[in-house]
Amino acid sequence: MKNFLVIALFSAMILSATENIALPKPAIPQEASLAAALANRQSHREFGGGEPTPQQLSNLLWAAYGQNRADGKLTVPAALNRHAFELYVLTAKGVTRYDQKANALIPVCENDLRVMAEGRKTLGPAAAAVVLLVAKTDIFGANGDFYLGVEAGAICQDIYLYAATAKLNALCCGSLDAAGLTKALSLPANQKPVLTMVVGPAPEK
């Protein structure tokens with residue numbers, strides 16, 4: 001009987017670690033001003049750490065790549081109406097993948113990979129979260145890199161604008177450890193890490 005209880009408890013722990021994490025409904029304040037967001041948009045290289053709240057993650061990911069219409073279309077444009085990205089969230093507790101249809105996070109691994117987010121290897125671990133943009137490289141033909149670049153830029157700008165509205169610091173990084181992230185996340189051959197957005201509160205003064 002004792003062994004059965006131990007097995008049952010262990011199984012429950014595994015299940016809870018692999019269940020999808022439902023996010024609260026995105027709730028960006030209606031009084032948030034586009035003019036203010038544009039005026040305050042900037043890159044920051046200092047972060048105060050801490051853990052992002054579920055509401056912050058929901059707002060951030062919806063702004064970046066969420067569904068904003070009943071027909072399932074997203075907050076960013078896509079060439080030929082083919083969205084090519086998946087967004088991963090890297091925190092101290094591990095890595096999850098954003099499912100915009102379900103407004104949920106899908107657990108991927110429990111490793112803290114933020115050190116791979118940018119070349120200095122310090123900004124990622126200092127921030128609350130890193131949003132990793134992973135591209136599906138087989139969606140387009142000869143102009144694939146151009147189309148991927150356009151969509152990645154739109155995603156990053158949306159994150160910048162939300163961060164400015166929420167008084168969060170943000171930084172777009174192209175110097176990520178793409179090979180290390182590909183291996184750590186077991187990405188298939190047709191997917192590649194392209195950019196990261198390092199996001200978090202400003203350091204306390």
Salt-bridge contact Glu86-Arg97 (side-chain N to carboxylate O under 4.0 Å):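 A salt bridge is present here (some side-chain N lies under 4.0 Å from a carboxylate O).
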Hey, is Arg114 close enough to Asp112 for a salt bridge, meaning N to O under 4.0 Å?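 Here Arg114 pairs with Asp112 in a salt bridge, since their nearest N and O are under 4.0 Å apart.
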Ignoring hydrogens and angles, tell me if any N or O in the side chain of [X] forms a donor-acceptor pair with the backbone of [Y] under 3.5 Å.
X: Glu151; Y: Ala154; value: no
X: Ser58; Y: Pro54; value: no
X: Gln67; Y: Arg69; value: no

Does [X] belong to the same Ile/Leu/Val/Met/Phe/Trp/Tyr cluster as [Y], with side-chain heavy atoms less than 4.5 Å apart forming each link?
X: Leu181; Y: Val108; value: yes
X: Ile21; Y: Tyr88; value: yes
X: Val150; Y: Leu80; value: yes

Search all heavy atoms of [X] against all heavy atoms of [Y] and return the closest pair with its distance.
X: Asn59; Y: Ala27; result: OD1-N, 2.8 Å
X: Ala84; Y: Leu148; result: CB-CD2, 3.4 Å
X: Glu51; Y: Ala92; result: OE2-CB, 3.6 Å
X: Val198; Y: Gly124; result: CG1-CA, 4.2 Å
X: Ala127; Y: Val199; result: CB-O, 3.5 Å
X: Pro24; Y: Asn103; result: O-ND2, 3.0 Å

Rounded at 0.5 Å granularity, tell me how far [atom1] in [X] sits from [atom2] in [Y].
X: Asn190; Y: Lys192; atom1: CG; atom2: NZ; value: 11.5 Å
X: Phe140; Y: Phe146; atom1: CZ; atom2: CZ; value: 10.5 Å
X: Gln100; Y: Lys73; atom1: CD; atom2: NZ; value: 14.5 Å
X: Ile155; Y: Leu87; atom1: CD1; atom2: CG; value: 5.5 Å
X: Asn40; Y: Ser33; atom1: CG; atom2: OG; value: 9.0 Å
X: Thr96; Y: Asn20; atom1: OG1; atom2: CG; value: 10.0 Å

Mind running side-chain contact (heavy atoms from CB on, under 4.5 Å) on Val130 and Val89 for me, showing each step along the way? CA-CA 6 Å; Val130 173; Val89 181; over 6 Å; no
Is the shortest side-chain heavy-atom distance between [X] and [Y] below 4.5 Å?
X: Asn68; Y: Leu74; value: no
X: Lys121; Y: Met116; value: no
X: Tyr98; Y: Leu23; value: yes
X: Leu90; Y: Thr196; value: no
X: Pro193; Y: Leu185; value: no
X: Asn169; Y: Pro201; value: no
X: Phe85; Y: Lys136; value: no
X: Pro52; Y: Leu168; value: no

Given Val95, Leu61, Thr91, the one that forms side-chain contact (heavy atoms from CB on, under 4.5 Å) with Leu105: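 The residue from Val95, Leu61, Thr91 that satisfies side-chain contact (heavy atoms from CB on, under 4.5 Å) with Leu105 turns out to be Leu61.
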Passes side-chain contact (heavy atoms from CB on, under 4.5 Å), Leu133 versus Val131? Steps please. CA-CA 7 Å; Leu133 281 62; Val131 180; 4.2 Å; yes
For Lys25, which residues count as a side chain to side chain contact (heavy atoms under 4.5 Å, CB included) partner, sequence neighbours excluded?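 Per chain and number, Lys25 pairs via side chain to side chain contact (heavy atoms under 4.5 Å, CB included) with no residue.
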Can you name the ring pair (Phe, Tyr, Trp, His ring centres under 6.0 Å) partners of His83, sequence neighbours left out?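 Residues passing ring pair (Phe, Tyr, Trp, His ring centres under 6.0 Å) with His83: Tyr65.
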Please evaluate residues Val134 and Val194 with respect to the criterion side-chain contact (heavy atoms from CB on, under 4.5 Å), reporting the C-alpha separation (whole Å), side-chain torsions for both, the decisive distance (0.1 Å), and the verdict. CA-CA 6 Å; Val134 174; Val194 174; over 6 Å; no
